[in-house]
Amino acid sequence: MTGEMTEPGGPERAARPPSRRALREARMRRRAMAIATLSTAVVVALIVILVPMAPGWERVQRSFFNGEVFAKTFPGLLQAFLTDIMIFAWCAPMIAVLGLLIALARDARSPALFPLRLFGTIYNDAFRGVPVILVIYLVGFGIPGLGLPRPWNSPYIWGTVAVVLTYSAYVAEVYRTGIESIHESQRAAATSLGLSHWDVMRYVVLPQAIRRVIPANMNLLIALQKDVALLSFIGPVEVLRQAGVYKSLLANFTPYLGAALIFLAVTVPATRWVDRLIARQNAARS
Amino acid sequence: MAKLSIQEVWKSFGTHDVLKGISLDIEAGQMVCLIGASGSGKSTLLRCLNLLEPVDDGAILLDGADITDPELDPQPIRQRIGMVFQSFNLFPHMTALENVLLAPRRIHRKSREALLPGVKALFTRFGLADRMGHYPDQLSGGQQQRVAIIRALAMQPEVMLFDEVTSALDPALVGEVLDVLRALKAEGMTMVIATHEMAFARDAADKVCFLYEGRILEEGPPAEIFSAPRDERTRAFLARVL
Ligand SMILES: Nc1ncnc2c1ncn2[C@@H]1O[C@H](COP(=O)(O)OP(=O)(O)O)[C@@H](O)[C@H]1O
Ligand SMILES: [Mg+2]
């Protein structure tokens with residue numbers, strides 16, 4: 001928060017000619033850019049020239065960078081990626097809600113609610129302490145293994161449960177950091193008005209806390225997008241499993257490269273976007 | 001009967017005794033100023049009056065009824081006692097108007113429309129009618145503090161507590177906030193004010209209390225405290241700040 005006075009709608013800056021310092025900075029930026037471009041070109045050229053000289057290059061090229069196989073399998077991989085998106089799309093809101101509930105349980109202050117707080121703490125420690133894939137195996141194979149009837153033994157359901165349980169623990173932790181970052185005076189000011197503990201949380205603390213941790217939660221969502229592929233180990237035919245099927249069928253690893261490219265196409269722009277979000281938030285706060 | 005009667009109040013944090021048997025009566029309509037070095041316990045005393053901190057021992061009577069009884073629900077009591085802090089008062093994600101409307105809407109369950117005329121009148125009275133739609137970071141420090149006061153007044157409290165509400169302000173903005181306190185006094189509001197503004201305490205207060213390490217060393221009308229302090233430590237403090 002700045003003490004400055006600004007009119008709503010943002011301050012209007014008069015256009016001024018660039019200062020000498022701005023000009024010098026621009027010149028230096030251009031030079032840095034040129035150096036970076038040149039050094040990158042040199043490195044890429046070296047890779048392109050040197051790697052094919054390695055003895056096994058022919059074989060690697062045939063089994064990992066096979067253009068024909070790529071063209072044949074890529075559409076199928078894209079199709080399978082829709083499953084990843086679907087699973088992601090229904091997991092994300094569930095994680096947002098469950099994570100928030102766990103965070104609130106951990107914030108419970110009255111002694112009567114101590115069990116709730118204890119549960120939140122144990123939950124967080126347990127699910128953050130175990131590899132995701134282990135939870136997916138345990139829940140995804142273990143629970144249907146109880147002999148549940150037809151729709152209830154679906155790996156989609158239990159895979160989702162496993163992912164939601166795990167990621168909620170991480171998201172809860174992020175929310176809690178946000179809640180704790182709100183200045184104590186805000187709670188005091190709200191409490192002194194006579195608002196209940198819950199109203200203070202709902203109207204004063206949470207709106208600020210959630211906004212503050214959006215970038216951190218976005219990073220978790222990007223990680224989730226990748227981890228959805230782990231569900232392939234218990235059944236759903238999503239992109240990773242589809243690539244495996246193609247690999248066996250065509251005795252070629254190129255489909256994995258295709259799958260990797262699909263993930264990169266989603267996660268790289270998303271990561272850049274979150275970085276920008278963080279930079280903007282930092283700029284707004286200073 | 002005093003509006004607010006503080007009786008032998010003790011408060012400690014861990015092993016550190018912060019309030020050591022504070023007793024003080026505040027009559028209805030009185031303005032009482034708490035002065036004393038930083039760390040002497042002014043904020044803690046105000047926080048205890050608002051039940052933001054539980055007292056360890058003693059009693060606080062509001063209209064003769066003890067409000068420190070742990071069996072009591074603190075919320076309705078806090079609604080009768082408004083408080084304004086040194087800083088970080090306003091909720092930064094709400095406009096000035098939303099800041100003021102939040103508590104009456106949630107607690108009195110009144111609609112925005114029902115509240116608006118009264119709240120608008122408050123904004124107008126304190127010269128902020130054209131600032132209702134502004135967010136806190138679009139307001140000056142003095143305007144923010146005035147909105148915080150309006151927010152507390154909107155709950156129609158019987159007593160107002162002020163904890164160094166001008167300490168974080170630009171010297172040029174102090175006056176406009178102190179003027180509001182004077183206006184409230186003229187209206188008959190009962191007030192307890194922790195302050196470093198000695199000139200203000202001297203000409204506006206009905207009673208001044210000098211806190212020293214958790215005790216009230218001296219209390220009385222400002223004329224007495226400021227021109228003829230009895231205690232050596234009061235004299236030393238006043239010599240330092242005046
Ligand atoms: N929440 C707290 N925990 C521990 N010590 C505290 C707390 N609040 C205040 N104190 C201590 O109590 C003493 C009095 O503080 P305070 O009431 O803020 O004094 P003042 O407002 O007169 O400056 C100080 O020594 C301070 O460190
Ligand atoms: Mg203080």
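A note on names: the letters A, B, ... follow the listed sequences, proteins ahead of strands, and every chain is numbered from 1. The structure presented is a predicted model; accordingly, all values stated were derived computationally and were not measured. Because only heavy atoms are used, hydrogens play no part in the values below, and waters and symmetry mates are left out as well, while side chains stay in.
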Below 4.5 Å, heavy atoms only, C-beta onward: do [X] and [Y] meet side chain to side chain?
X        : Y        : value
B:Ile107 : A:Asp199 : no
A:Ser192 : B:Arg47  : no
B:Arg106 : A:Leu195 : yes
B:Arg78  : A:Thr191 : yes

Other residues, nucleotides and ligands only: do more than 12 of their heavy atoms fall within 6.0 Å of [atom1] on [X]?
X        : atom1 : result
A:Trp273 : CH2   : no
B:Arg125 : CZ    : yes
B:Arg112 : CZ    : no

Working to the nearest 0.5 angstrom, can you tell me the gap between B:Arg151 CZ and A:Leu193 CG?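 Reported value, rounded in 0.5 Å steps: 5.0 Å.
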Working to the nearest 0.5 Å, report the span between OH of A:Tyr203 and CD of B:Glu98. 12.0 Å
Under 4.5 Å heavy-atom distance to chain A, tell me which part of [X] shows up: side chain, backbone, both or neither.
X        : result
B:Leu161 : neither
B:Met155 : side chain
B:Leu51  : neither

Max heavy-atom pair count under 4.5 Å with chain A, selected residue of B:Asp73, B:Leu52, B:Asn99, B:Asp170: B:Leu52
May I ask you to decide if A:Val205's main-chain N or O and B:His93's side chain share a donor-acceptor pair within less than 3.5 Å? no
Heavy-atom pair of closest approach, residues [X] and [Y]:
X        : Y        : answer
B:Gln79  : A:Gly194 : NE2-O, 3.6 Å
B:Ser87  : A:Ser185 : O-CB, 4.0 Å
A:Gln186 : B:Phe91  : OE1-CD2, 3.3 Å

In terms of heavy-atom proximity below 4.5 Å to chain B, should A:Arg187 be classed as side chain, backbone, both, or neither? neither
